[in-house]
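Here the structure is laid out as structure tokens; the discussion comes afterwards.
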Amino acid sequence: MEGHSLISTDVIARYAADATLEIDGVRRLVESARPRHQGVRVSESGGTLALELHVGLDWGVSAPSVGIAVQERVAEYLGRMTDLHTTTVDVVVDDFSPPPEAG
């Protein structure tokens, strides 16, 4: 494709991870069984991206609200940093931090 640079899926995964961790309520990315993917799976076809992000959230946050914020932030960030279009950003909540101890 003339005028387009190639960006590795590892770089895209790192961008998505960075954007995800900026969202309040996201505690961590949950490691994947795949090496070097740190909770982010990227597939690319014909210049469009599909991402799957596995996250751990802080206790008490609204998973739907945080998920929407992650989707919006990742799509915006990747749109600014790459010339690829994100078609889907799926957010999978794998766990929550433990509740605070009552004292």
For this session: Find out whether Glu76 and Arg80 are in side-chain contact, i.e. whether some heavy atom of one side chain is under 4.5 Å from a heavy atom of the other.
Result: yes
For this session: Search all heavy atoms of Val30 against all heavy atoms of Gly56 and return the closest pair with its distance.
Result: CG2-N, 3.7 Å
Problem set entry | Nearest-0.5 Å distance that lies between atom CG in Leu49 and atom OG1 in Thr88 | 8.5 Å
For this session: Would you kindly confirm whether Ile68 and Tyr77 end up in one hydrophobic cluster when ILVMFWY residues are joined by side chain heavy atoms under 4.5 Å apart?
Result: no
Exercise. Of the non-hydrogen atoms in Val61 and Gly25, which two are nearest, and what is the gap between them?
Worked result: CG1-CA, 3.8 Å
Exercise. Roughly how far apart are Arg73 CZ and Leu78 CG, rounded to 0.5 Å?
Worked result: 9.5 Å
Problem set entry | Residues Asp10 and Arg14 bridged, charged N to O under 4.0 Å | no
For this session: To the nearest 0.5 Å, tell me how far Gln71 CD sits from Leu53 CG.
Result: 9.0 Å
Exercise. Picking from Val26, Val70, Leu57, what satisfies side chain to side chain contact (heavy atoms under 4.5 Å, CB included) with Val93?
Worked result: Leu57
Problem set entry | Candidate list Asp90, Asp94, Thr20, test side chain to side chain donor-acceptor pair (under 3.5 Å), partner His54, passing option | Asp94
Problem set entry | Trp59 to Phe96 - nearest heavy-atom pair and separation | CE3-CB, 4.3 Å
Exercise. Can you check whether Leu29 reaches Val40 side chain to side chain, under 4.5 Å on heavy atoms?
Worked result: yes
Seminar exercise, completed: To the nearest 0.5 Å, atom OG of Ser65 lies from atom CD1 of Ile23 at 11.5 Å
Exercise. Charged N to carboxylate O below 4.0 Å: is that the case for Asp95 and Arg27?
Worked result: yes
